[in-house]
Asks: 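To start, I am sharing the structure in question, which I have written as structure tokens.
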Protein chains: 4
Amino acid sequence: MVRCVRRRTWSGLIVTTLLDRLLGVRRTTEALCEGLSAEDCQLQSMDDASPVKWHLAHTTWFFETFVLQPGLAGYRSPDPAYKVLFNSYYVGVGQRHPRPQRGLLSRPSLAEVRAYRQHVDQHLAQWLRPGADPALVALAELGLHHEQQHQELILTDLKHHFSCNPLQPAYRAAAAVPPREPAPLRLLPFEGGLVEIGHAGSGFAFDNELPRHKVWLAPFELADRLVTQSEYAAFIADGGYQRPELWLSEGWDVCQRQQWQAPLYWQGGPRWQAFTLAGLQPLEPDAPVCHLSYYEADAYARWAGARLPTETEWEHAAESAGDAAWQAAGALLDDARFHPAPARPGNGLKQLFGDGWEWTASAYLPYPGYRPAEGAVGEYNGKFMINQMVLRGGSCATPRSHLRASYRNFFPAQARWQFTALRLARS
Amino acid sequence: MVRCVRRRTWSGLIVTTLLDRLLGVRRTTEALCEGLSAEDCQLQSMDDASPVKWHLAHTTWFFETFVLQPGLAGYRSPDPAYKVLFNSYYVGVGQRHPRPQRGLLSRPSLAEVRAYRQHVDQHLAQWLRPGADPALVALAELGLHHEQQHQELILTDLKHHFSCNPLQPAYRAAAAVPPREPAPLRLLPFEGGLVEIGHAGSGFAFDNELPRHKVWLAPFELADRLVTQSEYAAFIADGGYQRPELWLSEGWDVCQRQQWQAPLYWQGGPRWQAFTLAGLQPLEPDAPVCHLSYYEADAYARWAGARLPTETEWEHAAESAGDAAWQAAGALLDDARFHPAPARPGNGLKQLFGDGWEWTASAYLPYPGYRPAEGAVGEYNGKFMINQMVLRGGSCATPRSHLRASYRNFFPAQARWQFTALRLARS
Amino acid sequence: MVRCVRRRTWSGLIVTTLLDRLLGVRRTTEALCEGLSAEDCQLQSMDDASPVKWHLAHTTWFFETFVLQPGLAGYRSPDPAYKVLFNSYYVGVGQRHPRPQRGLLSRPSLAEVRAYRQHVDQHLAQWLRPGADPALVALAELGLHHEQQHQELILTDLKHHFSCNPLQPAYRAAAAVPPREPAPLRLLPFEGGLVEIGHAGSGFAFDNELPRHKVWLAPFELADRLVTQSEYAAFIADGGYQRPELWLSEGWDVCQRQQWQAPLYWQGGPRWQAFTLAGLQPLEPDAPVCHLSYYEADAYARWAGARLPTETEWEHAAESAGDAAWQAAGALLDDARFHPAPARPGNGLKQLFGDGWEWTASAYLPYPGYRPAEGAVGEYNGKFMINQMVLRGGSCATPRSHLRASYRNFFPAQARWQFTALRLARS
Amino acid sequence: MVRCVRRRTWSGLIVTTLLDRLLGVRRTTEALCEGLSAEDCQLQSMDDASPVKWHLAHTTWFFETFVLQPGLAGYRSPDPAYKVLFNSYYVGVGQRHPRPQRGLLSRPSLAEVRAYRQHVDQHLAQWLRPGADPALVALAELGLHHEQQHQELILTDLKHHFSCNPLQPAYRAAAAVPPREPAPLRLLPFEGGLVEIGHAGSGFAFDNELPRHKVWLAPFELADRLVTQSEYAAFIADGGYQRPELWLSEGWDVCQRQQWQAPLYWQGGPRWQAFTLAGLQPLEPDAPVCHLSYYEADAYARWAGARLPTETEWEHAAESAGDAAWQAAGALLDDARFHPAPARPGNGLKQLFGDGWEWTASAYLPYPGYRPAEGAVGEYNGKFMINQMVLRGGSCATPRSHLRASYRNFFPAQARWQFTALRLARS
């Protein structure tokens with residue numbers, strides 16, 4: 001991270017703008033929680049998924065710990081216990097409350113956490129002025145992007161929490177499905193050669209997107225849209241979950257052990273319905289299938305006579321598409337749809353951004369020459385570079401301003417509670 | 001249970017009195033929850049301990065399911081889903097929401113559960129009148145005692161939930177310790193012979209207290225009070241948790257695996273403190289030690305050159321003591337102390353009732369001639385008669401009106417989150 | 001144990017006889033292993049079941065540790081490592097090789113273990129002469145009975161080991177089934193009253209059979225024979241494994257989790273076959289069902305409108321029957337049948353001894369006044385007195401000379417790999 | 001695999017040579033088992049490590065299943081049950097005996113397995129003649145390389161089995177350590193650029209080494225030898241196992257959970273000894289450290305201010321070194337040392353081949369354009385391409401003729417029972 005920021009000079013205007021953006025992101029987070037009760041915000045349905053209240057507090061803790069404590073003289077936390085309670089995984093900062101026990105914190109209450117947010121926001125506004133220490137300003141910008149990541153997690157975690165309640169509660173009313181004609185999937189050709197990937201330019205990027213570097217790319221083809229729910233249902237109907245030859249060995253073991261028969265949240269086959277943030281809903285045949293593990297995405301691709309793209313292929317294609325990729329984007333957090341939508345019409349690559357994170361065939365590893373940031377924020381990305389696969393492109397729960405072509409998301413192969421989708425490729 | 005009730009004729013007066021008692025018990029349950037937030041009431045810190053909100057709903061479900069549905073024409077539940085959500089273990093009633101997921105029910109809200117209670121109370125009041133079906137009246141009385149059991153569980157479960165929060169919240173302010181002189185422990189002799197135990201008389205009893213039956217009892221001695229915290233601290237200081245020869249083999253395994261060093265909730269030895277319902281507190285040397293597993297109680301007794309009493313010995317001693325046992329009782333729920341207290345002065349048996357449940361050396365098994373009740377409530381007791389030990393006497397969380405000399409409580413040997421204590425005996 | 005022996009004076013004749021008996025038992029153990037390869041003798045299919053080789057060594061270790069080391073000046077073990085390798089659970093003796101890793105000892109070889117046995121036998125013969133320390137002679141006698149227990153375990157453990165091999169190997173050829181007429185089950189009445197149970201007389205007994213003591217017994221009925229395989233098959237056909245109302249709650253959980261559909265070793269229903277020590281065999285309809293957990297025995301009894309007997313009832317009935325019980329005994333180790341047989345004809349109680357261990361409704365707990373032996377052998381019995389149920393009467397793998405009416409065997413409720421059977425009772 | 005073979009024409013001479021090589025490899029396997037008892041050959045100390053007897057049978061099964069059954073008319077297996085017993089993971093071939101239960105097969109005996117080997121060898125000799133189906137000949141060659149892989153596993157598995165025996169048995173006597181001067185580690189520079197990796201030429205290769213393809217490589221430095229035991233001991237002494245900041249997050253969790261303090265088989269620090277195939281031995285300070293997980297190798301590299309090489313860097317360096325790499329190779333199976341040795345003197349890259357498998361920073365994924373073989377042998381490699389890291393170069397247990405620069409081995413990051421070592425690199 002530090003490398004992307006390079007202690008550049010922050011002009012007064014940029015700093016002021018950053019404050020506006022930052023407070024805007026903070027408000028968006030709170031807006032996402034409207035309508036949720038204190039009880040809803042405390043749910044923790046599995047170790048991987050945190051309570052909404054914890055997300056609200058942890059993102060605040062991030063600013064307090066990395067920006068206000070070092071940067072604002074005399075700053076005091078509302079409660080010194082928060083230092084431990086809301087630390088996620090920063091060993092350099094000290095002790096951490098155990099992750100599986102985040103749902104056991106009825107105290108502080110949601111009201112107290114909201115007050116904590118206000119307290120930190122006020123002090124951020126007091127501190128973030130022209131002349132502030134540029135290194136800390138860079139950390140404040142990191143905090144903004146960090147909070148956007150948690151906006152997505154608030155939605156995906158809440159979806160999992162709610163899915164465990166037999167009442168199948170709805171977070172929001174269902175959005176209308178855009179009336180779009182289903183289009184046949186087409187594979188678009190790319191020439192390859194010596195290309196560059198990785199973040200370029202002066203904007204923000206996470207340290208794992210750096211450095212920009214050369215990669216040799218063989219020719220390939222990339223599907224123009226994501227795999228749809230009806231296409232995936234055909235895979236199921238063709239015995240996709242009963243045929244080990246379609247699966248990676250480890251994937252087949254997981255599939256058997258967990259008795260998977262369909263994507264997470266699909267119920268009641270063969271006339272499938274899906275639990276969504278709008279409660280239980282019928283399938284949308286032309287919308288992308290999501291909530292797939294890597295194993296399922298990989299098995300589908302094998303069944304379809306194709307494969308998953310590498311992250312280099314994906315990024316090269318997205319760079320090549322340029323603005324067109326954004327014009328053909330899928331649903332994003334800003335659309336408040338909270339569910340993928342059918343692809344827009346058109347000839348180019350659709351849904352590169354939005355709708356669902358696309359599993360790639362690339363393991364999450366450092367780029368050549370990668371160096372993590374100094375200090376505790378150096379733990380942000382690098383220490384997770386093992387046994388995870390890269391996902392690209394963002395989902396219906398990702399803020400538009402959070403994404404870019406070089407963005408690398410990563411999850412273990414068995415993860416299914418994110419909006420994870422797939423796009424086919426071929427050599 | 002049905003056998004204890006014997007479809008006796010319920011006079012109008014008795015029925016009216018029952019309604020008063022029942023509504024009184026229901027109000028007591030709600031009074032116990034005063035000061036708890038909706039977030040507090042949703043906590044579930046382990047599979048064995050249910051959320052307070054769930055207790056509030058389940059006790060209500062019991063009346064709805066076993067009394068109102070069969071007995072009150074036209075009765076309708078606020079939500080048909082409650083039938084599954086709030087069923088604990090009655091297979092005869094149908095499906096059950098999985099026990100470990102009770103803490104995942106943010107919906108219905110605490111406010112809705114309170115409304116559910118009112119709804120059922122109003123209909124109980126409408127139905128419980130002279131002339132009501134005597135079999136159902138008996139079930140209503142069972143429901144009253146059932147709810148008293150859950151009053152105790154609300155406190156013990158809440159204590160466990162709160163203990164997982166590093167803030168160590170207090171449920172109530174600490175009560176003053178009665179200023180009592182520590183008294184040396186004395187062993188009182190009993191002659192034994194052919195005695196009777198089991199419930200006698202026309203009052204309420206659970207089916208597992210029946211039938212009253214003869215038992216041959218060898219002479220024995222019984223301690224006049226419970227083992228104190230300072231006595232137990234001496235056991236720890238003498239290496240009690242490091243000496244396998246003091247322990248049952250299985251107990252030693254559990255002790256090692258769970259790394260026990262002291263009773264549950266004791267912290268920071270050798271200058272121990274204890275987490276209590278009043279938050280973290282210093283030890284009270286003359287008050288009884290509690291939150292012991294059977295293994296620990298048994299190991300202490302062996303270390304002390306004694307043993308645990310059998311349930312027959314205990315019940316025979318309690319029957320022999322008669323009213324004096326009640327006059328020398330320890331703290332009960334009615335005292336709102338929520339913590340054991342030092343024994344009262346005097347020569348007889350003290351703390352037989354209240355302060356802490358006393359582990360006995362008796363496995364929880366049916367009495368000769370035992371028959372469970374007909375129907376789903378027959379699942380109340382009998383189906384748990386394996387791998388549990390009997391506890392006697394009640395605790396500081398048990399309502400006085402809930403107890404009697406023949407009362408049999410039972411828990412697995414490793415359970416520690418109840419107010420479980422020990423009294424020594426000798427052959 | 002020491003209490004049963006009471007440092008009595010051992011006459012020269014008795015000592016000589018003891019040596020003969022002891023060496024005879026040792027030879028029987030080895031005879032049981034004839035035909036087994038070194039590979040067979042090393043199998044360990046689960047933590048509870050030890051390799052045959054380990055049994056051969058451990059029983060030898062017992063004599064070495066408790067008799068020869070303290071009693072025979074200058075005695076030296078073939079290998080000092082055996083002290084740890086072949087200690088089962090005697091904490092007082094020191095470290096122990098982990099139980100689940102007993103199957104990982106290819107060294108010492110079977111040949112070395114056999115040499116170890118000879119070495120110890122020779123020294124026992126040298127030591128066990130008139131004038132030997134009576135306390136140690138008593139321990140030698142304990143060692144004899146200990147070895148008989150392991151004779152049974154050699155067979156039951158081997159059966160389990162072999163059952164994991166898809167080749168389903170046979171230990172011995174199948175014995176012919178005695179041609180007996182199936183007899184209807186009859187319940188024989190007993191009056192009860194104040195009876196005595198526990199070991200009496202001067203013969204050997206384990207400490208857990210002592211002291212003999214009075215028990216009050218209500219009138220009861222006891223089945224004249226064990227439940228047969230065809231009777232049990234009717235229970236299965238009637239949905240016995242699908243009806244939770246027949247089961248203890250914990251038993252139902254185990255049954256579901258382990259997907260039990262029939263007794264251990266039954267395969268291929270509804271035309272069941274059973275894996276036996278003679279390989280895969282058809283059912284023998286009139287022979288007793290065995291390899292039942294307590295949960296299954298209890299569920300069957302409930303289905304049959306009966307219950308399991310208590311150990312007091314069983315022992316009182318066996319004492320009452322006297323020699324007749326032995327004349328109507330089932331198969332014992334001495335019969336080399338290694339499988340239960342149909343009951344003999346006749347009016348009295350049959351199969352009290354032999355065929356299958358009978359689950360009783362009694363938890364394994366100390367008798368009033370029980371005291372374990374001094375020293376490490378005090379760990380023999382007492383430390384297992386929790387969460388186990390008592391079984392009575394011996395099985396087709398128990399030596400006849402090992403049994404008596406007061407003999408108490410014990411296993412956890414879920415154990416199924418012993419020859420565990422059931423006899424019905426009724427109040 | 002099929003692609004590497006390309007149904008090329010096998011001349012008579014080549015086929016005859018193949019038979020010689022094949023039978024030679026088969027004899028080597030048996031020679032490795034000399035001195036092991038039938039009991040030794042049955043040990044299975046963990047799920048991942050198979051019994052030696054199973055390896056002997058499974059490699060034989062491979063020829064029987066993929067070559068003799070389809071290729072030799074009238075061929076009959078000694079026992080049809082072997083088809084299931086000795087199938088490892090080929091779903092396309094049918095059922096498999098569960099991997100964790102391989103150690104429970106006392107039958108067939110070691111003698112029977114040896115006879116099985118002879119039986120198959122004789123039929124291979126009968127079948128493998130000029131004119132044999134070229135596709136099957138290719139599979140026979142695959143079987144040869146497959147058996148070489150199992151030669152290494154026989155040694156690494158046996159080492160683990162023996163390590164669980166407190167007697168710490170030795171497989172072979174310790175070889176003398178070559179008297180070599182310790183040399184300081186030097187980092188050799190490489191220019192990078194557009195390079196090619198992957199198998200080239202007409203020799204044998206596994207399918208995962210294909211196709212040869214271009215990769216862009218940034219400049220890098222590579223250490224001239226492996227990290228030594230004394231260097232690794234300095235890492236331990238510097239708190240390497242207590243400092244989370246040195247570790248990947250997942251690695252730290254594993255390290256804590258498994259309580260790692262040193263490489264597998266190191267005992268008794270800080271004066272470490274190591275369990276080896278020659279029993280317990282002192283460290284050899286200048287010999288390479290091995291039995292490291294990926295997590296440990298990665299943590300060491302971070303501590304040393306370096307990183308692990310990618311597989312492309314490694315292969316490019318090995319290709320560049322050419323024959324010199326072989327002249328400076330470490331111990332191989334052919335040396336019968338069974339333990340790594342200090343690096344030879346000299347200026348170039350040492351120990352690229354032999355001594356220890358080198359963890360690379362590359363995940364095990366398909367090369368661009370990879371296609372698995374048709375049929376069941378297509379399961380050989382491709383289905384394991386997830387959550388494994390690539391290792392390069394072979395170890396002291398790898399046959400020399402089995403290795404080449406393009407060879408890709410792979411194991412999960414936590415695996416430690418192979419001879420896994422590390423070489424440093426730097427960007």
Side-chain angles (χ1 to χ4, degrees), chain A residues 89-92 192-196 211 213-220 243-254 294-295 298 302 307-308 310 312-313 360-372 375-376 378-379 382-390 412-414 426-427, chain D residues 89-92 192-196 211 213-220 243-254 294-295 298 302 307-308 310 312-313 360-372 375-376 378-379 382-390 412-414 426-427:
Chain A
Y89 54 69
Y90 295 87
V91 173
L194 193 60
V195 306
E196 283 200 352
H213 61 285
K214 290 195 177 64
V215 184
W216 179 266
L217 209 48
F220 66 99
R243 293 165 55 185
E245 71 272 18
L246 297 173
W247 294 68
L248 289 166
S249 178
E250 183 179 286
W252 182 246
D253 289 349
V254 173
Y294 178 85
Y295 305 121
D298 171 82
R302 193 167 290 112
R307 60 168 174 84
L308 300 178
T310 64
T312 304
E313 290 168 341
T360 73
S362 300
Y364 179 53
L365 292 169
Y367 283 165
Y370 167 76
R371 287 193 211 291
E379 301 185 46
K383 74 180 186 180
F384 301 108
M385 290 178 171
I386 185 72
N387 291 338
Q388 313 231 24
M389 298 304 282
V390 172
Q414 77 272 15
R426 213 147 57 186
S427 295
Chain D
Y89 54 70
Y90 296 86
V91 174
L194 193 60
V195 307
E196 283 200 352
H213 61 287
K214 290 194 177 64
V215 184
W216 179 264
L217 209 48
F220 66 99
R243 294 166 53 186
E245 71 272 18
L246 296 173
W247 294 67
L248 290 167
S249 177
E250 183 179 287
W252 182 247
D253 289 348
V254 173
Y294 178 85
Y295 305 122
D298 171 82
R302 193 167 291 112
R307 61 168 174 82
L308 302 177
T310 65
T312 304
E313 290 167 343
T360 72
S362 301
Y364 179 54
L365 292 170
Y367 284 165
Y370 167 78
R371 287 194 210 291
E379 302 185 46
K383 74 180 187 181
F384 300 108
M385 290 179 171
I386 185 72
N387 291 337
Q388 315 230 24
M389 299 304 283
V390 172
Q414 77 273 15
R426 213 146 57 186
S427 294

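Since the structure is predicted, the reported quantities are computational estimates derived from the model, not experimental observations. Residue numbers begin at 1 in each chain, while the letters A, B, ... track the order of the sequences.
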Asks: Roughly how far, to the nearest 0.5 Å, is CE of D/M389 from CG of A/L365?
Replies: 5.0 Å
Asks: Select one option (side chain, backbone, both, neither) describing which atoms of A/Y294 are under 4.5 Å from chain D's heavy atoms.
Replies: side chain
Asks: So which atom in A/G369 and which in D/S427 form the shortest heavy-atom distance, rounded to 0.1 Å?
Replies: N-OG, 3.9 Å
Asks: Using 0.5 Å steps for rounding, measure from the CD1 atom of D/I386 to the CG atom of A/D298.
Replies: 7.5 Å
Asks: Once you round to the nearest 0.5 Å, how far does CD of A/Q388 lie from CG of D/L248?
Replies: 10.0 Å
Asks: Side chain, backbone, both or neither: which part of D/Y364 has an atom under 4.5 Å from a heavy atom of chain A?
Replies: neither
Asks: So which residue, A/L194, A/N387, A/T310, ends up with the most heavy-atom pairs under 4.5 Å with chain D?
Replies: A/N387
Asks: Checking D/W247 against chain A: side chain, backbone, both or neither under 4.5 Å from a heavy atom?
Replies: backbone
Asks: Residues in side-chain contact (heavy atoms from CB on, under 4.5 Å) with A/K383, at least two apart?
Replies: A/Y89, A/V91, A/E379, D/S249
Asks: So which part of D/S362 gets closer than 4.5 Å to some heavy atom of chain A, the side chain, the backbone, both or neither?
Replies: backbone
Asks: So how far is it from D/L217 CG to A/K214 NZ, rounded to the nearest 0.5 Å?
Replies: 12.5 Å
Asks: If I take atom CH2 from residue A/W216 and atom OG1 from residue D/T312, how far apart are they, to the nearest 0.5 angstrom?
Replies: 14.5 Å
